[in-house]
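Presented below is the structure to which this report refers.
Bear in mind the structure is a predicted one, so any value in this text is a computation, not a measurement.
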Amino acid sequence: MDLDFMLEHLPRLLKATKLTIQLTLLSHFFGIFVGIFFAILRTSKNKIFYYISYYYSYILRGTPLLVQIFIIYFGLAQLEWIRESFLWVFLKEPYSCAILAFTLNTGAYSSEIFRSAFETINKGIVEAAN
């Protein structure tokens with residue numbers, strides 16, 4: 001290992017660590033709300049809501065995160081109607097695209113965690129709470 005090389009690049013790595021922590025905290029914060037929303041949809045008796053949340057979770061958990069980032073950042077920019085809409089202000093920035101991709105991915109995994117937690121609650125406990 002080259003210690004001089006490591007010490008030379010340490011400030012850049014620390015700056016990148018700050019950015020990584022920001023991205024992680026924001027995406028987890030928003031991802032929990034997305035996860036709870038889709039978990040509630042998944043436990044719904046309405047078949048449309050059930051299938052929307054099922055396929056959201058199935059697709060986003062089944063594709064690599066890097067592919068999702070590429071689709072959001074590069075793929076959506078190819079659609080002219082997005083470039084002409086109010087969404088372009090948000091989607092043209094790499095930081096906001098990363099937050100969106102991480103949030104959707106975290107929400108997909110969190111929705112399954114919350115769904116399984118909701119389904120383990122006994123019906124009697126829910127009735128007692130009412």
What I'd like to find out is whether the side chain of [X] reaches to under 4.5 Å of the side chain of [Y], using heavy atoms alone.
X: Thr106; Y: Ile32; answer: no
X: Cys97; Y: Leu91; answer: yes
X: Ser44; Y: Tyr50; answer: no
X: Ile40; Y: Phe114; answer: no
X: Met6; Y: Asp2; answer: no
X: Arg42; Y: Glu112; answer: yes
X: Phe38; Y: Leu60; answer: no
X: Leu65; Y: Phe102; answer: yes

Might you confirm whether atom [atom1] of [X] has over 12 heavy atoms from other residues, nucleotides or ligands at distances under 6.0 Å?
X: Phe118; atom1: CZ; answer: yes
X: Glu80; atom1: CD; answer: no
X: Leu13; atom1: CG; answer: yes

Donor-acceptor under 3.5 Å (Asn46 side chain, Ile48 main chain): yes
With a 6.0 Å cut-off on ring centres, are Phe29 and Phe33 close enough? yes
Taking every non-hydrogen atom, the tightest pair across Glu8 and Pro11: O-CD, 3.7 Å
Note: Ala98 and Leu23 closest approach over all heavy atoms is CB-CD2, 4.1 Å
Could you label the plane-to-plane angle of the Tyr54 and Tyr51 rings as parallel, tilted or perpendicular, counting under 30° as parallel and over 60° as perpendicular? perpendicular
Transitively linked via ILVMFWY side-chain contacts under 4.5 Å: Leu87 with Val34? yes
Please test Arg115 against Ser111 for side chain to side chain donor-acceptor pair (under 3.5 Å), starting from the C-alpha separation and ending with a verdict. CA-CA 6 Å; Arg115 179 198 53 84; Ser111 71; over 6 Å; no
